[in-house]
Amino acid sequence: MGKRIDVKDLNVYYGSFKAVEDVTMTIEPRSVTAFIGPSGCGKSTFLRTLNRMHEVIPGGRVEGHVSLDDQDLYAGEVDPVAVRRTVGMVFQRPNPFPTMSIFDNVAAGLRLNGVRDKSRLKDAVEGSLRGANLWNEVKDRLSKPGAGLSGGQQQRLCIARAIAVEPQVLLMDEPCSALDPISTLAIEDLISQLKDRFTIVIVTHNMQQASRVSDRTAFFNLAATGKPGRLIEMDATQKIFSNPTERATEDYISGRFG
Ligand code: ADP
């Protein structure tokens with residue numbers, strides 16, 4: 001079973017600067033949720049609170065609650081490393097370990113988790129590469145460096161690496177912004193397939209992408225520079241893009257702003 005994410009009254013800070021204010025939202029399992037909104041409104045910052053990566057930044061601090069199926073991710077006894085294993089992340093720029101082979105890139109997380117058995121690693125690497133729609137392109141060069149792949153392939157390699165440890169949730173921070181249109185479509189197809197197995201949250205600046213891949217869309221905005229970003233509206237993607245409730249959402253999606 002997938003797990004549901006509940007965020008309640010979340011405030012996110014960089015030192016004394018409050019970047020995101022008062023977010024409350026629910027993310028259903030096995031769905032794709034898109035975060036949209038103008039630059040600087042806190043989408044990436046908020047995304048990183050969902051796997052406790054925000055606090056890695058010096059001064060990074062969170063107030064409020066994030067839970068994954070009723071487990072409070074910020075409870076005192078929770079190990080942030082375990083949270084990041086359950087809630088994986090794919091970044092804007094594909095970041096394979098450059099000197100590692102394709103095989104080792106995908107196996108890295110499993111090895112960190114203590115998996116040593118060769119045939120188990122082999123099966124998991126193949127399964128993850130298949131899951132990331134990359135197997136056929138790389139099966140004959142698994143021992144070659146990951147850095148030798150094209151940008152789009154590298155991003156799928158990073159997705160394979162992320163899913164190899166079988167997370168519940170996959171966070172994607174503008175995963176296509178460094179990719180050409182064909183690689184972008186390949187990633188979008190992949191996202192649609194992966195949502196059968198994972199809960200996916202994607203930050204995107206591309207409205208067509210949000211409307212193509214997501215089930216629900218959250219629109220963030222900020223009142224003015226220096227003010228915190230806020231969640232303005234979250235609803236079924238079709239509703240957000242055809243008949244949003246808030247004027248600010250309408251203005252943003254119709255390109256009048258942002
Ligand atoms: P978005 O993803 O919507 O473009 P961000 O989450 O990147 O927005 O940024 C939200 C706010 O937090 C912005 O004002 C940004 O300048 C600030 N911010 C982002 N990263 C840092 C950081 N490492 N240190 C201090 N402020 C930051």
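Treat the numbers as computed from the prediction; the structure is a model and nothing was measured. Computed from heavy atoms alone, side chains included, the values below leave out hydrogens, waters and symmetry copies. Both ligands and their constituent atoms are indexed starting at 1 by order of listing.
- For Pro228, the side chain to side chain contact (heavy atoms under 4.5 Å, CB included) partners at least two apart in sequence or on another chain are Lys18, Glu21.
- The 4.0 Å heavy-atom shell around ligand 1 contains residues Tyr14, Phe17, Ala19, Pro38, Ser39, Gly40, Cys41, Gly42, Lys43, Ser44, Thr45, Ile57, ordered by chain and number.
- A pairwise comparison of heavy atoms in Ala178 and Pro94 identifies CB-CD, 4.5 Å as the closest pair.
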**OP:** Go through the steps for Thr24 and Asp22 under the test side-chain hydrogen bond (donor to acceptor under 3.5 Å, both in side chains), then give the verdict.
**Re:** CA-CA 6 Å; Thr24 294; Asp22 254 351; over 6 Å; no

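- None of Gln209, Lys43, Glu174 except one satisfies the side-chain hydrogen bond (donor to acceptor under 3.5 Å, both in side chains) rule with Thr204; the exception is Gln209.
- The six-membered or imidazole ring of His54 lies near that of Tyr14, with a centre-to-centre distance under 6.0 Å.
- Side-chain atoms of Asn11 do not come within 3.5 Å of backbone N or O of Glu63 as any donor-acceptor pair.
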